Amino acid sequence: MKIKSLLSIFLKEDFRNFIVIFWTFVFPLIFFLFFTSLFGNIGNGSENSSDMEFRAGIYFEKPPTGLAKEISQGLVTGLGDKNSGGPFENIYVSSFDEGIQLIKDKKLEIFIVFPENLDMLNLKVVLSSVPAPVVKSYYRSDSGSDFARKIFKSVLDSVNVEFYKRISSAEYTLEVQELNKKASDTFSYKDYLFPSVLLMSILTVSIFNTPLSLAYSIEKGITKKIFTTPIRSGHFLTVVILENLILLGISILLIYIEGKLMGVSPKAFSAKYIAYLFMNVITLISVGLLMLSVFRKLSAVNVAANILYQLMMFLGGLFFDVSHTPMIIRWFVYINPVSYMAQGLRNIINGMPLGFLNYFVPLLWIGACIIIFSLNFKKVMNYE
Amino acid sequence: MNNRFLNLVKFFFLETFKNKSEVFYTMFFPVIFLLLFGFIFGLGDTQHQEENFEYGLVFSSGYLSDTNQSSESAYDTVKAFFDPNKLDIYADNESLKNAVLSSKVDAGIIVDETSKVKVLYNSDPANMQKITWIKFAGENAIKRFLYGAKKDYLSLSSENIGTGRVESNQMDFLLTGIIAISILSGGMFSVINTFGRYKKLGVIKKFMVTPIKSNEFVIASSFNKILLNFFSIVIIIILGKVIYHMNYSFDWPMLIIVCLSSTLGMMAFGILLMVLFKELEVAQSAASILMTVMMFFAGIYFPINIIPGYIRWVSYILPIKYVADLLRHVAGVENMNITAFWLINIIMAASGIILLSLTSRQLMKDQARN
């Protein structure tokens, strides 16, 4: 009864607090909607190329003839003309200097120069010892220009392979197979982002709300006042954890409703997924309590929570691939329970089994955190 | 007047440095972002550009006998076609599949006896940003091997057009972008946190009963935020040089101008949010959303060119893109039209001063009413 009354008071206070409502309930929903709209096309195949927009400057030092003309035109077309739904707008320039100036002025992402001796290509087809004409591409260091350079290099590589393919007697067929999912499935950014948003929401509650509300109550003397009543420290801790579990439950429910409306994979609604998600909640709540055992001062908890939140989120593979980061930070990826949780949740959506580490690492964290927090419990609650 | 103003500056300076959280968030939090994103997008990415992928390969026994090759000679030959990417040989299809699934290799290639080449890659969406390059490089390499394409018919030579005073690479671009984010977040959050706190503690009301004018109050309190922000930027630049060996060659007087104008612009934006949203917490949340949007629309972590056309305009109306351009110019990473440079600085500073002056008066009025 005591617990129920205190819990009801705490929850009422939470629902009157804009910060709690916003960061726990509203922000994950906005984030999911915003990023699905922004990157929803990634990985959908060729259709997303029409969303890209690069400008390529084309310059011929001498107009080509014969096969060289056909090949160079094929190369330019291979970039994918914007007019036919491709990612490039091809701009023919009248001089080398003009092209260089345009790329320097950021009016082009790439400047391609076909050499004067391009016609040698006509001869090279029959006489392999003839030196290959060198096409030059000029780019800047920014990511857009570098992206355009990589596309052009790939297209040119394909053209070279095509030459050999035409003169070769061998015939090879190429089949590309995606592992990790059924052939009938198509990539869905929503399914990729859904576990990230869920984990982000859990991190917010477990790393921020729980330890901060406990630290605040302890530092501001609220617990001392409460402990003069029949409520004990154990009751108080139970109430704070229950309060945050309820908030998290509502947050997860809202994300699920949004996910359902946006057509997230039905596998995310399976009992296995939800059970694994629950394990993730327990793990991260435990991490929050561990943090409180280490940093007890409210300001220190605040700073530690901010650092830990960013590290766990960005080095947990929630939004970017972190498996190839340098070792100086990759060690954190390996000890970060969020890495295993995110992978586990995605495995379930992709119809893959959960591995040993997907269970072991989170359970190890739960065990270690609970032991350390239990040993420090009295100190944390300001008993000593 | 001068003495009063100096005392006010001194007071705010001491007050700021006594507040450890504020010092942390303004000066050291951006450093965490520098390290985090620097390694994730910078060093991590350069390790993983098209020159440096890792592939696994299986030749079926049928293919080797059909082409009269021993496994050793075929493997020795094929490795040269994948160079400079790394190629590992696997005994059978199953072990290769497992290597792909466990990300030991970026993609797997199986050449079977029916002249069929199968390229396997892990469709984990975390790989999506680089999978196109992995597939392109792997497919071209194996095709070149199979068709015996040792030499190019058409060669390619790529040249980075240095548009700045120093030779720059993508990492230089990334770090200048991170500095831009630091300036913007430092400017915006410092005023929201400070004025929000003063408002809550009733400091503004107390000052209003003194002869101090609202402008004096705002300028004096903002001055040390600008200073703190500048210290933060200096720390980031030093760390960038030490950790990432950046090639910056800063024009320091110009850097001070850029920091001043950009911080002023963002501080005004912060106060505007305070005036609009009244409550500290609401203003902080609005600022956080704005920062998140700016981080992803700035063209810092990925090209603006790949953002869908219908929302790409957002990148051009947010200040972060322009601040990053200004910083790249003063860092010598890329040149900028000098008229554009001054125009952006003047717009940022002027809008900052005008907004600061208008919104600070409004903020004081609001306080007087309450």
Side-chain angles (χ1 to χ4, degrees), chain A residues 18-19 22 42-43 51-54 103-104 121 124 132-144 146-147 149-150 153-154 156-161 163-165 168 171-181 187 192 299 302-303 307 310 314 317 320-326 329, chain B residues 20-21 24 32 36 39-40 43-44 47-48 50 97 100-101 103 115-128 133 135-136 139-140 143-144 146-149 151-161 163 168-170 172-173 279 281-282 285 302-306 308-309 311:
Chain A
F18 173 83
I19 283 287
F22 179 81
I42 289 177
D51 287 332
M52 299 181 188
E53 208 170 279
F54 296 98
I103 195 158
K104 280 187 174 175
L121 199 58
K124 187 163 174 62
V134 181
V135 178
K136 283 193 174 172
S137 76
Y138 297 88
Y139 66 102
R140 295 181 306 269
S141 298
D142 60 271
S143 53
D146 195 57
F147 204 89
R149 173 188 68 86
K150 286 182 189 172
K153 184 182 180 300
S154 303
L156 192 79
D157 275 349
S158 307
V159 167
N160 275 311
V161 170
F163 270 111
Y164 281 95
K165 193 177 166 184
S168 169
E171 188 64 46
Y172 294 95
T173 55
L174 193 106
E175 182 191 302
V176 179
Q177 189 185 332
E178 296 177 34
L179 299 180
N180 228 354
K181 62 182 178 186
F187 166 75
Y192 171 67
S299 57
N302 198 350
V303 168
I307 296 175
Q310 306 295 340
F314 289 117
F320 328 104
D321 174 34
V322 284
S323 59
H324 293 90
T325 47
I329 58 165
Chain B
K20 285 174 192 153
S21 294
F24 168 78
I32 294 172
L36 203 58
F39 283 124
I40 292 177
L43 294 180
Q47 281 182 348
H48 238 276
E50 77 274 22
K97 272 186 187 176
V100 173
L101 283 172
S103 298
S115 302
K116 198 187 219 176
V117 180
K118 201 182 255 184
V119 178
L120 313 170
Y121 72 91
N122 191 335
S123 64
D124 183 341
N127 291 333
M128 280 303 157
W133 312 119
K135 281 199 286 184
F136 266 136
E139 286 173 20
N140 278 333
K143 280 182 191 167
R144 289 180 84 107
L146 293 169
Y147 292 118
K151 288 181 181 171
D152 285 336
Y153 275 82
L154 210 50
S155 295
L156 176 67
S157 146
S158 296
E159 192 180 318
N160 186 343
I161 291 287
T163 56
S168 60
N169 56 33
Q170 263 197 286
D172 297 311
F173 266 76
E279 291 297 318
E281 291 80 8
V282 186
S285 304
F302 51 82
I304 289 174
N305 313 64
I306 67 167
I311 44 170

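This one's a predicted model, so the numbers in the text were calculated from it and none came from an experiment. Per chain, numbering begins at 1; letters A, B, ... match sequence-line order.
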Exercise for review: Can you tell which part of Phe173(B) gets under 4.5 Å to a heavy atom of chain A, answering side chain, backbone, both or neither?
Suggested key: side chain
Check your understanding: Using non-hydrogen atoms only, which part of Lys97(B) is less than 4.5 Å away from chain A: side chain, backbone, both, or neither?
Key -> both
**Study point:** Per-residue contact mode, Phe22(A) against chain B (heavy atom under 4.5 angstrom)
**Key:** side chain
Practice item. Give, as side chain, backbone, both or neither, the part of Val303(A) having an atom under 4.5 angstrom from any heavy atom of chain B. Key: both
Review point. For the atom pair NZ (Lys165(A)) and OG (Ser158(A)), what is the distance rounded to the nearest 0.5 Å?
Key: 10.0 Å
Check your understanding: What distance do Arg149(A) atom CZ and Tyr138(A) atom OH have between them, rounded to the nearest 0.5 Å?
Key -> 14.5 Å
Exercise for review: Verify the neighbour count for atom NZ of Lys135(B): are there more than 12 heavy atoms of other residues, nucleotides or ligands below 6.0 Å?
Suggested key: yes
Practice item. Mind ranking Pro133(A), Ser154(A), Ser137(A), Gly144(A) by heavy-atom pairs under 4.5 Å with chain B and telling me who comes out on top? Key: Ser137(A)
Point to revise | Intermediate values then yes/no, salt bridge (charged side-chain N to carboxylate O under 4.0 Å, His left out), Arg144(B) and Asp152(B) | key: CA-CA 10 Å; Arg144(B) 289 180 84 107; Asp152(B) 285 336; 2.4 Å; yes
Review point. Does the ring centre of Tyr153(B) sit less than 6.0 Å away from the ring centre of Tyr164(A)?
Key: yes
Check your understanding: Of the listed residues (Ile32(B), Leu146(B), Leu36(B), Asp172(B)), which shares the most heavy-atom pairs with chain A below a 4.5 Å separation?
Key -> Leu146(B)
